[in-house]
Amino acid sequence: MAETTLGHHQAQGTAPTGWRSFATDWGSDQRAFKNVSWGKAMMWIFLLSDTFIFGCFLLSYMTARSSTTVPWPNPSEVFALHIGGQNVPLILIAIMTFVLISSSGTMAMAVNYGYRRDRKKTAILMLLTAAFGATFVGMQAFEWTKLIMEGVRPWGNPWGAEQFGACFFMITGFHGTHVTIGVIFLLIIARKVWRGDFETEKRGFFTSRKGHYEIVEITGLYWHFVDLVWVFIFAFFYLW
Amino acid sequence: MAEVTLHGASPGTHAAAPAASHAEGQQHPIKLYLVVWGWLFILSACSYAVDYFHVHGYLRWALILLFMVLKAGLIVAVFMHMAWERLAMMYAILLPPVFVLVFTALMVFESEYTLFSRLTFFGTGH
């Protein structure tokens, strides 16, 4: 939409496209990200920094795992659940993945309704997203409890390489913290949307001054990022 | 200039419906999100199937990485609206993480060396 409007507008002038637009944006003496607000740009830059943190965690884990002489526990078996008389591999993690993806779907729709100024639908979809997020954290708490009961510690576990516990608690713990913060963030913004703070231009914590709904999209960026990180954790920690 | 066009909604594009005079930001058909959601489900199910059917070796890795990249791409491009952002923004955000691959390569060599030292000096462990 934005792109179309912009393209239409630029077609009349001599606005550059492709690599040239990149060069002019970065080479300008104004703002680099022309139609991107500061709020959105800063969330992206924060997420970029977070990408490096998660990247370092996953890399350290990879290094620990491939340099240990002791066998690494098989995640497929470690995270299996005993259902109906047989062990189903990784089932809990699969369900958690689907829950998180669903939360991403509802969040994307909330952003859409936010820009359409449909307050009720936006707030309900954000609350639904928060509920999915809380469900995810709940399942993670169950997973942690189960593993702690089985004797997994940051310094050891019953099935092999000691680094398994440290990596597991560090990576999933840091991700779970992000989800928890996201749920709180979602609840705060959903309440403001429901109350109509963005219509009345009410000033306050996290309330946009101009009275528009971009904060819903910014919250969404954070939330989708949490889902994005899980995609990598799912692949590198649980499926490796 | 671009800012004005976006937030003020240019007359030619948005004047048709009164409700659309407030139109701004990322607005795409709900169907697009539902389709992406569906694909994320399918790709996750495929990842899970790789483990469930005990696929091993290079095929396992190829499949896992393929599904991972497709999922990540869909989330970033559509859900996070990166596909509609300015090129300057895309490069600023998407290029830096690529350099993590250099770090990955370094750590692969590092871990191989560590493993080699451990096997040489400490035997095969417990």
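Every chain is numbered from 1 and lettered A, B, ... according to where its sequence line falls, protein lines coming before strand lines.
Using cut-offs of 30° and 60° on the angle between ring planes, the pair A:Phe22 and B:Tyr91 is perpendicular.
No other option in A:Leu58, A:Thr51, A:Thr68, A:Leu47 has as many heavy-atom pairs under 4.5 Å with chain B as A:Thr68. The residue among A:Pro89, A:Pro75, A:Ala64 with the most heavy atom pairs within less than 4.5 Å of chain B is A:Pro89. The most heavy-atom pairs under 4.5 Å with chain B, out of A:Gly220, A:Cys56, A:Ser102, come from A:Ser102. Contact count versus chain A (heavy atoms, under 4.5 Å) is highest, among B:Thr114, B:Val36, B:Asp51, for B:Asp51. For the set A:Ala108, A:Gly114, A:Ala94, A:Gly18, the count of heavy-atom pairs under 4.5 angstrom toward chain B peaks at A:Ala108.
The contact between B:Leu34 and chain A is made entirely by side chain atoms (from C-beta outward), counting heavy-atom distances below 4.5 Å. Only the side chain of B:Tyr33 comes within contact range of chain A, with at least one heavy atom under 4.5 Å from a heavy atom of that chain. Residue contact with chain B, scored on non-hydrogen atoms closer than 4.5 Å, involves the backbone and the side chain of A:Leu221 alike. Heavy atoms of B:Val69 lying under 4.5 Å from chain A are absent altogether. Residue B:Leu43 does not touch chain A at all, counting heavy-atom pairs closer than 4.5 Å. For A:Arg116, the parts sitting under 4.5 Å from any heavy atom of chain B are the backbone and the side chain alike. Proximity to chain B (any heavy atom under 4.5 Å) is shown, for A:Ile91, by both the backbone and the side chain. Only the side chain of A:Phe52 comes within contact range of chain B, with at least one heavy atom under 4.5 Å from a heavy atom of that chain. Looking at B:Ile75, only its side chain comes within 4.5 Å of chain A, counting heavy atoms on both sides. Of the two parts of A:Tyr113, only the side chain, counted from C-beta on, holds a non-hydrogen atom closer than 4.5 Å to a non-hydrogen atom of chain B. Both the backbone and the side chain of A:Thr106 come within less than 4.5 Å of a heavy atom in chain B.
In this structure the side chain of B:Leu115 never reaches within 4.5 angstrom of the side chain of A:Ser66, judged on heavy atoms. Contact check for A:His224 versus B:Val76: no side-chain heavy atoms found under the 4.5 Å cut-off. A:Asn112 has its side chain within reach of B:Ile30: a pair of non-hydrogen atoms, C-beta onward, lies under 4.5 Å apart.
Atoms CZ and CG, on B:Phe103 and A:Leu59 in that order, are 5.5 Å from each other to the nearest 0.5 Å. A:Trp223 CH2 to B:Phe79 CZ: the interatomic distance, rounded to the nearest 0.5 Å, is 13.5 Å. Rounding to the nearest 0.5 Å places OH of A:Tyr61 at 14.5 Å from CE of B:Met107. Atom CZ of B:Arg118 and atom OG of A:Ser67 lie 4.5 Å apart (nearest 0.5 Å). The line from CD1 of A:Ile93 to OG of B:Ser47 is 13.0 Å long, rounded to the nearest 0.5 Å. Note that CE of B:Met80 is 11.0 Å distant from CE of A:Met107, once rounded to the nearest 0.5 Å.
Side chain of B:Gln27 to main chain of A:Tyr115: a donor-acceptor pair is present (N/O by atom type, distance under 3.5 Å, no hydrogens or angles).
For A:Trp44, there are no ring pair (Phe, Tyr, Trp, His ring centres under 6.0 Å) partners at least two apart in sequence or on another chain.
Across all non-hydrogen atoms, the minimal contact from A:Trp26 to B:Ala92 is CZ2-CB, 3.6 Å. Annotation for A:Leu239 and B:Arg60: closest pair O-NH2, 2.6 Å, computed over non-hydrogen atoms. Closest of all the heavy-atom pairs between B:Glu85 and A:Glu217 is OE2-OE2, 4.4 Å.
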*Verdict with supporting geometry, B:Tyr52 and A:Ser76, side-chain contact (heavy atoms from CB on, under 4.5 Å)*: CA-CA 8 Å; B:Tyr52 193 84; A:Ser76 187; over 6 Å; no
*Test side-chain contact (heavy atoms from CB on, under 4.5 Å) on B:His81 and A:Val111 and set out the steps.*
CA-CA 11 Å; B:His81 306 123; A:Val111 173; 3.8 Å; yes
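When the shell of 6.0 Å around CH2 of B:Trp61 is examined, it contains more than 12 heavy atoms from other residues, nucleotides or ligands. The neighbour count for A:Phe46 CZ, taken as heavy atoms of other residues, nucleotides or ligands under 6.0 Å away, is above 12.
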Using distance only, find each side-chain donor-acceptor pair of residues 227-235 of chain A under 3.5 Å and give its atom names and separation, not counting sequence neighbours.
| residue | atom | partner | partner atom | Å |
| --- | --- | --- | --- | --- |
| A:Asp227 | OD2 | A:Ser104 | OG | 3.0 |
| A:Trp230 | NE1 | A:Thr97 | OG1 | 3.1 |

